[in-house]
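Count residues from 1 along the sequence.
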Amino acid sequence: MKTKRTFRSRRRGATLVEIVVASGMTTLVLFGAILAFLSGMTNWIRGQGRMDAESQSQRAVRALSQELRQAMSVTVDVNGLGLTYRMPAVDVNGDYVVPVVWDNVVRRAEYNNGTVRVMTGGIEHIVSRNVILTDPLSNGGSAAYNIFTAGGGAITRQLTIMVVTRTNSARNETVTGRIRETVYLRNIPSLTQ
């Protein structure tokens with residue numbers, strides 16, 4: 001019987017100190033987990049904003065370059081913020097008319113008050129919003145850039161398109177997206193006159 005009493009006397013509940021230490025450790029673990037979760041969410045939101053800005057810039061450059069690759073004549077404005085272009089005429093099947101002739105529709109792409117727009121025969125289409133005219137990757141991050149830069153020569157054979165967009169991210173942080181692409185044109189000298 002003595003053994004049973006000894007066994008019973010050693011069996012006790014947790015002391016107040018043990019409970020306080022266990023509660024403190026649990027609180028620290030939960031607090032650390034919540035901080036890690038909040039940090040992860042902030043980074044996720046920041047990354048989402050950066051992806052939105054990049055995809056907006058990318059969509060704009062892709063839309064402009066696809067249109068300009070088909071153009072038969074492209075004239076870039078001196079300030080690099082706009083251009084005028086002509087498209088070749090197509091027949092009812094969608095094939096180009098031979099010999100190549102202009103379809104007589106006036107087309108223009110330009111930067112205007114934070115947007116890049118394409119006007120086709122008086123109909124306006126916004127290609128990108130939140131466009132800024134400063135290049136974040138330049139020295140100091142605030143140098144101006146041209147959206148449209150024509151290659152050298154009397155006839156524009158290549159054109160560099162660059163679009164930088166800005167959006168707000170987590171905690172009202174500003175993130176930018178920057179895309180640049182060079183487009184090779186088929187300007188036809190006899191029809192550019």
Side-chain angles (χ1 to χ4, degrees), residues 45-90 96 100-170 172-193:
I45 291 170
R46 185 179 299 126
Q48 187 67 34
R50 185 167 287 119
M51 285 178 8
D52 289 345
E54 287 285 336
S55 67
Q56 190 173 17
S57 296
Q58 195 171 46
R59 278 192 309 269
V61 169
R62 186 178 303 130
L64 290 167
S65 65
Q66 284 177 350
E67 182 88 359
L68 294 173
R69 277 191 181 98
Q70 299 174 32
M72 56 188 264
S73 169
V74 177
T75 307
V76 179
D77 295 352
V78 174
N79 65 3
L81 299 180
L83 55 81
T84 305
Y85 60 100
R86 295 180 176 182
M87 298 294 282
V90 293
Y96 292 118
V100 178
V101 292
W102 177 37
D103 66 358
N104 291 321
V105 177
V106 177
R107 291 179 172 82
R108 179 152 177 77
E110 66 183 10
Y111 169 84
N112 186 1
N113 200 21
T115 61
V116 174
R117 306 166 186 219
V118 173
M119 278 85 57
T120 304
I123 299 171
E124 183 177 290
H125 172 71
I126 294 177
V127 177
S128 182
R129 299 182 191 278
N130 304 320
V131 177
I132 59 173
L133 294 178
T134 55
D135 183 3
L137 297 181
S138 65
N139 273 341
S142 60
Y145 72 96
N146 293 335
I147 294 176
F148 304 104
T149 306
I155 299 171
T156 305
R157 296 284 184 195
Q158 79 179 38
L159 174 72
T160 300
I161 304 169
M162 186 164 106
V163 176
V164 179
T165 58
R166 174 177 47 204
T167 60
N168 288 333
S169 181
N172 281 333
E173 294 175 4
T174 302
V175 293
T176 57
R178 177 186 183 267
I179 300 294
R180 182 174 62 190
E181 182 176 330
T182 300
V183 179
Y184 294 95
L185 307 170
R186 60 171 162 185
N187 271 349
I188 301 169
S190 62
L191 299 174
T192 59
Q193 310 299 343

Trainee: Can you list the steps and then say if Thr174 with Asn168 is a side-chain contact (heavy atoms from CB on, under 4.5 Å)?
Mentor: CA-CA 5 Å; Thr174 302; Asn168 288 333; 3.7 Å; yes
Trainee: When rounded to the nearest 0.5 angstrom, what distance separates CZ in Arg69 from CG in Leu159?
Mentor: 10.5 Å
Trainee: Return the minimal non-hydrogen interatomic distance between Val105 and Gly121, and the atom names on each side.
Mentor: CG1-N, 3.7 Å
Trainee: Return yes if a side-chain donor-acceptor contact under 3.5 Å exists between Arg108 and Thr84, otherwise no.
Mentor: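 Looking only at side-chain atoms, Thr84 and Arg108 do form a donor-acceptor pair, the distance falling under 3.5 Å.
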Trainee: Between Ala109 and Tyr85, which heavy-atom pair has the shortest distance, and what is it?
Mentor: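 What the structure gives for the nearest pair is N-CE2, 4.2 Å.
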Trainee: Roughly how far, to the nearest 0.5 Å, is the OG1 atom of Thr149 from the CD atom of Gln158?
Mentor: 10.5 Å
Trainee: Step by step, work out the side-chain contact (heavy atoms from CB on, under 4.5 Å) result for Arg157 and Leu185.
Mentor: CA-CA 5 Å; Arg157 296 284 184 195; Leu185 307 170; 5.7 Å; no
Trainee: Please determine which of Val116, Leu68, Asn146, Thr182 meets the side-chain contact (heavy atoms from CB on, under 4.5 Å) test together with Ile161.
Mentor: Leu68
Trainee: Would you check, one step at a time, whether the test side-chain contact (heavy atoms from CB on, under 4.5 Å) holds for Glu54 with Met51?
Mentor: CA-CA 5 Å; Glu54 287 285 336; Met51 285 178 8; 5.7 Å; no
Trainee: Count the heavy atoms of every other residue, nucleotide or ligand shown that sit under 6.0 Å from CZ of Arg166, and state whether that count exceeds 12.
Mentor: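 No, CZ of Arg166 has 12 or fewer neighbouring heavy atoms, counting only those of other groups under 6.0 Å.
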Trainee: Nearest 0.5 Å, what's the CG-CG distance between Leu83 and Asp77?
Mentor: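 Nearest 0.5 Å value for the CG-CG distance: 7.0 Å.
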Trainee: Indicate the atoms forming the closest heavy-atom contact of Ala63 with Val127, along with that distance.
Mentor: CB-CG1, 4.1 Å
Trainee: For Ser65 and Val183, work out which heavy atoms get closest and say how close.
Mentor: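 It is CB-CG2, 3.4 Å.
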Trainee: CZ of Arg86 to CZ of Arg107: how many Å apart, nearest 0.5 Å?
Mentor: 11.0 Å
Trainee: Report yes if the side chains of Leu64 and Val118 come closer than 4.5 Å at any heavy-atom pair, otherwise no.
Mentor: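 Answer yes - side chains close enough.
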Trainee: I need the minimum non-hydrogen distance between Trp102 and Met87, along with the two atoms involved.
Mentor: CD1-O, 3.4 Å
Trainee: Keeping the roles fixed (side chain from Thr165, backbone from Asn130), state whether a donor-acceptor pair exists under 3.5 Å.
Mentor: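 Side chain of Thr165 to backbone of Asn130: no pair is present.
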Trainee: Quick one: CD1 on Ile147 to CZ on Arg180, what's the gap to the nearest 0.5 Å?
Mentor: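 Answer for the CD1-CZ pair, Ile147 versus Arg180, is 14.0 Å.
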Trainee: Is there side-chain contact between Val74 and Phe148, with heavy atoms separated by less than 4.5 Å?
Mentor: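 Heavy-atom side-chain distance check fails, nothing below 4.5 Å.
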Trainee: Kindly determine whether Val175 and Thr167 satisfy side-chain contact (heavy atoms from CB on, under 4.5 Å), including the steps that lead there.
Mentor: CA-CA 6 Å; Val175 293; Thr167 60; 3.3 Å; yes
Trainee: Short question: side chain of Tyr145, backbone of Val164 - any donor-acceptor pair under 3.5 Å?
Mentor: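 Pair found, side chain donor or acceptor close to backbone of Val164.
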Trainee: Does Asn104 CG have over 12 foreign heavy atoms under 6.0 Å away?
Mentor: yes
Trainee: Kindly compute the distance separating CE (Met162) from CG (Asp135), expressed to the nearest 0.5 Å.
Mentor: 4.0 Å
Trainee: If every non-hydrogen atom of Ser57 is compared with every non-hydrogen atom of Gly177, which pair is closest and at what distance?
Mentor: OG-O, 2.9 Å
Trainee: Take atom CZ of Arg129 as the centre, draw a 6.0 Å sphere, and report whether it contains more than 12 heavy atoms from other residues, nucleotides or ligands.
Mentor: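 No, CZ of Arg129 has 12 or fewer neighbouring heavy atoms, counting only those of other groups under 6.0 Å.
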